[in-house]
Amino acid sequence: MGQSTSAAGKIILNGRRTKLLSSKSPIETDESEVSPDYTSYIPDECLALVFQFLNSGNRKRCALVCRRWMIVEGRNRHRLSLHARSGLITSIPSLFSRFDSVVKLSLKCDRRSVSINDEALAMISLRCRNLKRLKLRACRELTYKGMATFAENCKGLNILSCGSCDFGAEGVKAVLDHCSSLEELSIKRLRNFTDSSHEPIGPGLAASSLKSICLKALYIGECFGPVIAGAKNLRSLKLFRCSGDWDMVLEEMAVKEHGIVEIHLERMQVTDVALAAISNCSSLESLHLVKTPECTNGGLAGIAEKCKCLRKLHIDGWKANLIGDEGLVAVAKFCSKLQELVLIGVNPTTLSLAMLAVKCQNLERLALCGCDTFGDPELSCIAAKCPSLRKLCIKNCPISDLGIENLANGCPGLIKVKIKKCRGVMGGCADWLRTVRPMLSVNADTVEPEGHEEGSNDAVEGGLQENRIEFPSLNSQIVAPSLASSSRSRSGYFKSRVGLFSGISLVACTLRQRESS
Amino acid sequence: MTKEMFTLKSSDGFLFVVDEAVVHQSVTLSPMVQDCAGREYPINNVTGKILNLVVEYCKNHVVVDGGDSSSSSSSGDALKKWDDEFITQMDLSTVYDLIMAANYLIIKGLFDLACQRVADEIAACKDHEEIRATLGIVSDYTAEEEAEVLKENEWAFD
């Protein structure tokens, strides 16, 4: 593979691309003579690494270029996502001889088609013995038998994620019974819990390996209780909208596990009993209590007292008003490591906020949404007392320009602020804030004093996505919502004609994504 | 602090005198620092034209001792810009040569940069025929084989 052997040649391409010349001066050849493929000098491993910079669509095109490219691309494809319709079965042998190094596989069926069946999954599992990750979506024809065969062949599985499948708890059990390296289990909308699978299932061979469990929208989810309780090294537990009584499950979990770091409970039936159990998890760093209206200040205070490592706390009180100042005061008192606090539908006053500001010296990120008691005095309190605050997001709270003024004079470390749907904040205020704090990235929407915003599709009442605040995803480009279309220009810039600062345009800002800590 | 200088010799006899900081960017050449000061070190499969580019890259990527970390983001941006201009102005055949040189010399940054350039070239093509035309590749597929691959491709998500 020496440079000195490269042939002279010239190709004229479409008039658009550069000419390919050898590194020595070319001898003009007949244009009808085919020029050598210079990429053939690149060894396969290098070509494979070039392909790694390409997405799946581009890689598919590369496979069509020539045989060598197909082989190199196929052998070096580690991640594959297939349409898991029943017809796939006939292509399985050729697909998996082409893609013989797949380590992460996604099998997704669309809702209208019949999915692959057990036989197809078995065939795949025999050809992907080294599979580490499997994602299944809407593969409704799969039964627990198919899952068992799969698990027997792919014992090294690390991650299983299944959504809208019908193989019931037994299907999951089959994987747990064979895959002793399983670290992550994520199950959403699993169906076909037969009578026999009301029986609780245990963590099987995965008892030591399981680190993360996520269950969503299961109706007999408690049968997974022993999996949760039995996973000795569990670090992360997320439960969303699973019916049943989970207090007991969490009690059992807490007895055995003290290493858990992250707990997320959303739309779950859990009471302070569960929170008391959680308070025994002294390594807890991140807690999300979202729309769990039976949890009260007492439960939160109990956690605060004993979980001193808490860094992230998200509470969506759903306006039930059972969590408020009292619980937050306890958090302030005991959780000095708190870095991120998100309050939705909770009503804190300066009583707790002042304490949080003073005692949680590491508080960097604060968000409040739909907090009816968070007005100018509360914002001013934060502004005056939070030295380390870097990011602030306020949505649909009764603050006004006055509070923003005080903010401008405080929070010395602030780098990003987002203000949305706060009716008391007038159009020009954001611009003013940008001028007085040039290092501050301000992301704000306008408020139309005259009329209700039309056509806004993030209605506060919707409650689904609207009230969710996640710091890492605050990088969406903000386009002013729902101004009448005539006043919106192509690029998304627009002029505000209202407020004290008429004629100043409000500029769409992009928040840079923050690396998760 | 006197800098040690090293002489690299390309396959076609060109000599490049570089300092230790440049040599250390190549995992392959790094060990020579102990042995080869003052002697010529032959690099038999890289021509002068390409070695010149490699050295240019490495010189620009030398980490300055005692550099001010607060300016690192702006100098990082400037370096990225230099990298972009460096690689974009080359024709593809030179880029391939660079890939192979960086592969042999094990200079990761340069290798990734050159691979990314080729990948960008591929990604800019709207279909496989355009990729062939751009990179000068002749297909060895029969019509049936190509149709097979196309059909198989349809099972995979983009």
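Letters A, B, ... mirror the listed sequences (proteins, then strands); counts begin at 1. Keep in mind it's a predicted model, so treat the numbers as computed, not measured.
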Taking E45(A), H83(A), Q52(A) one by one, which has the highest count of heavy-atom pairs under 4.5 Å against chain B?
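Counting heavy-atom pairs under 4.5 Å, the top option is H83(A).
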Kindly give the heavy-atom pair with the smallest separation between A63(A) and Y141(B), and that separation in Å.
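Nearest heavy atoms, A63(A) then Y141(B): O-OH, 2.6 Å.
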Between A156(B) and L82(A), the two heavy atoms sitting closest are CA-CD2, 3.9 Å
Check this for me: N52(B), atom CG, are more than 12 non-hydrogen atoms of other residues, nucleotides or ligands nearer than 6.0 Å?
yes
Does CZ in F157(B) sit with more than 12 non-hydrogen atoms of other residues, nucleotides or ligands closer than 6.0 Å?
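Correct, the count exceeds 12.
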Given the rule in the side chain to side chain contact (heavy atoms under 4.5 Å, CB included) test, do F53(A) and D120(B) qualify, once you have shown the distances and angles that lead to the verdict?
CA-CA 8 Å; F53(A) 287 93; D120(B) 289 346; over 6 Å; no
Kindly compute the distance separating [atom1] ([X]) from [atom2] ([Y]), expressed to the nearest 0.5 Å.
X	Y	atom1	atom2	result
I122(B)	R59(A)	CD1	CZ	10.5 Å
C46(A)	N103(B)	SG	CG	3.5 Å
N58(A)	I131(B)	CG	CD1	7.0 Å
C115(B)	I42(A)	SG	CD1	7.5 Å
C62(A)	R132(B)	SG	CZ	11.5 Å

For chain A, find which of E145(B), E148(B), E146(B), E129(B) contributes the most heavy-atom pairs closer than 4.5 angstrom.
E145(B)
Step by step, would you call L64(A) with N153(B) a side chain to side chain contact (heavy atoms under 4.5 Å, CB included)?
CA-CA 9 Å; L64(A) 286 163; N153(B) 275 356; 3.8 Å; yes
Report yes or no: does S91(A) contribute a side-chain atom to a donor-acceptor pair with the main-chain N or O of W155(B) at less than 3.5 Å?
no
What residues of residues 66-74 of chain A sit under 4.5 Å from chain B when only non-hydrogen atoms are counted?
C66(A), R67(A), W69(A), M70(A)
Neighbourhood of chain B inside residues 92-116 of chain A, taking heavy atoms under 4.5 Å as contact:
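So the qualifying residues are S94(A), L95(A), R98(A), K108(A).
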Taking only Lys NZ, Arg NE, NH1 and NH2, and the carboxylate oxygens of Asp or Glu, determine whether R61(A) and D127(B) approach each other closer than 4.0 Å.
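Result for this pair is no, no salt bridge flagged.
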In this structure, which one of V50(A), L49(A), L47(A) forms a side chain to side chain contact (heavy atoms under 4.5 Å, CB included) with V118(B)?
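Only one option passes, and that is V50(A).
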